[in-house]
2 protein chains.
Amino acid sequence: MLTIGSLAKKTGTKVQTIRYYEQIKLMPEPGRTEGGQRRYGDAELDRLSFIRHSRQLGFSLDAIRELLDLGDHPNRPCHEADAIARRQLKQVERRIARLEALRMELNRMVHECSGGRTADCRVLEVLRDHSACLTDHEEIEA
Amino acid sequence: MLTIGSLAKKTGTKVQTIRYYEQIKLMPEPGRTEGGQRRYGDAELDRLSFIRHSRQLGFSLDAIRELLDLGDHPNRPCHEADAIARRQLKQVERRIARLEALRMELNRMVHECSGGRTADCRVLEVLRDHSACLTDHEEIEA
DNA sequence: AGTTGAACCTCTAGTGGCTAGAGGATGTAT
DNA sequence: ATACATCCTCTAGCCACTAGAGGTTCAACT
């Protein structure tokens with residue numbers, strides 16, 4: 001039986017985060033001691049590890065909820081889990097593409113700066129005038 | 001003189017966002033009509049464009065505040081603006097590196113899925129077991 | 001001058017995914 | 001019995017907005 005603190009340590013989660021996951025019903029309500037402290041077993045450890053790892057791979061808590069549901073039905077076909085992962089992959093790829101464009105723009109900006117007065121600063125100039133940019137970078141989201 | 005709506009349209013900002021920027025003192029309090037409606041001039045248009053463009057390049061509102069301050073002192077040396085931009089570039093590069101690792105992991109996951117039952121789903125298996133991963137991907141932040 | 005209706009106003013609350021802190025109770029080791 | 005680390009609940013805060021309620025103003029048209 002694990003206290004919330006040792007569960008936190010084992011999974012690399014903060015204590016408050018575990019309580020937060022319980023509050024939003026991503027983690028089940030665990031057993032309690034007579035004094036009211038939470039005690040966890042292996043099932044909870046596995047579930048939290050799954051959640052943490054999914055978070056590290058960038059899945060949203062909603063997506064994780066779906067994935068956990070799917071894991072509870074071992075006989076259903078797995079294309080749903082597959083679809084969620086593919087969706088996540090697409091999103092990651094979109095973000096990378098967008099950040100690459102930003103990287104180029106920032107790089108150019110920084111290298112064109114000659115280090116004079118702010119009045120002539122290339123960095124500020126580019127920020128002032130979008131048309132000095134090579135790429136579009138419309139949406140924010142990154 | 002521009003209404004808040006036309007300023008919004010010209011800069012690609014939402015009306016509420018402009019009011020929010022005013023509230024956090026990123027935008028100045030504009031003049032008002034007798035009836036109390038906001039009216040904007042060219043200075044505000046320029047300032048908001050600068051803000052929007054900086055946001056598109058991923059700068060935080062705090063960084064933008066600094067950049068705006070710097071722009072107001074044309075005779076100061078520009079290495080501060082330069083440093084802010086370099087910081088931003090570094091952050092973008094870190095995010096790209098992290099997302100690249102995620103991309104590889106997700107790609108592997110998705111391609112190893114054979115489309116059977118969820119019990120044998122490679123996607124769920126990888127999520128369950130971090131040691132099946134090639135990379136570390138410790139922090140979340142992405 | 002009166003009427004319509006789009007755009008404006010303020011204020012409050014919600015989003016995601018936590019994080020921090022107050023103020024007090026419990027559990028364990030000595 | 002005592003110390004004190006860890007636990008408890010509850011509230012509020014973070015970033016950068018976004019949405020909606022409920023009411024007012026502006027500009028155009030008749």
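Side chains are part of it too, since the values below use all heavy atoms of this structure and drop only hydrogens, waters and symmetry mates. Lettering of chains follows the sequences in order, A, B, ..., and the numbering in each one begins at 1.
A salt bridge does not link A/D69 to A/R65: none of the charged side-chain nitrogens sits closer than 4.0 Å to a carboxylate oxygen.
A/H130 contributes no side-chain N or O that, together with a main-chain N or O of B/H53, makes up a donor-acceptor pair within less than 3.5 Å.
In this entry the distance linking NZ of B/K14 with P of C/dG14 reads 19 Å, nearest Å. Straight-line distance from the CZ atom of A/F59 to the P atom of C/dG17: 13 Å, rounded to whole Å. Rounded to an integer number of Å, the gap from A/Q16 CD to C/dG17 C1' is 13 Å. Atoms CG (A/L7) and P (D/dC7) sit 10 Å apart, rounded to a whole Å. Atom-to-atom, CD of B/E22 to P of C/dC9 comes out at 9 Å; the value is rounded to the nearest Å. The CG-P distance, from B/D62 to D/dA16, rounds to 7 Å in whole Å. Protein atom CD1 of B/I18 is 13 Å distant from nucleotide atom P of C/dT10, rounded to whole Å. For the pair A/Q23 CD and C/dT15 P, the computed distance is 12 Å after rounding to whole Å.
Atom CE of B/M1 is separated from atom OG1 of B/T33 by 11.5 Å, given to the nearest 0.5 angstrom.
When heavy atoms are screened at a 4.0 angstrom cut-off, A/Y21 is found touching the sugar-phosphate backbone but no base atom. At a threshold of 4.0 angstrom between heavy atoms, the contacts of A/R38 are confined to the sugar-phosphate backbone, with no base atom among them. At the heavy-atom level, A/I4 lies under 4.0 Å from the strands shown only through sugar-phosphate atoms.
A residue-by-residue look at B/R32 and A/L61 shows that B/R32 has its nearest nucleotide of DNA chain C further toward the 5' end. In terms of position on DNA chain D, the residue among A/K9 and B/R19 whose nearest nucleotide sits closer to the 5' end is A/K9.
With sequence neighbours left out, the side chain to side chain donor-acceptor pair (under 3.5 Å) criterion links B/T17 to no other residue.
The side chain of B/R55 places an N or O atom within less than 4.0 Å of a non-bridging phosphate oxygen (OP1 or OP2) of D/dC17. Contact between the side-chain N/O atoms of B/T17 and the OP1/OP2 oxygens of D/dT18 is found at a separation under 4.0 Å.
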From CA spacing to verdict: side-chain contact (heavy atoms from CB on, under 4.5 Å), A/R76, B/R117:
CA-CA 6 Å; A/R76 292 227 312 252; B/R117 300 175 312 137; over 6 Å; no
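Applying the salt bridge (Lys or Arg N to Asp or Glu O under 4.0 Å) rule to pairs touching residues 36-46 of chain A yields A/E22-A/R38, sequence neighbours excluded.
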What does nucleotides 24-30 of chain C look like as a protein-contact string, B for base, S for sugar-phosphate only, - for none, at under 4.0 angstrom between heavy atoms?
--BS---
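In this structure, a donor-acceptor pair under 3.5 Å is present between the side chains of A/R95 and A/Q91.
Here the side chain of B/Y20 is nearest to one of C/dA20, D/dC17, C/dC8, namely D/dC17. Minimum atom distance to the side chain of A/V15 is reached by D/dC7, of the listed D/dC7, D/dT18, C/dT19.
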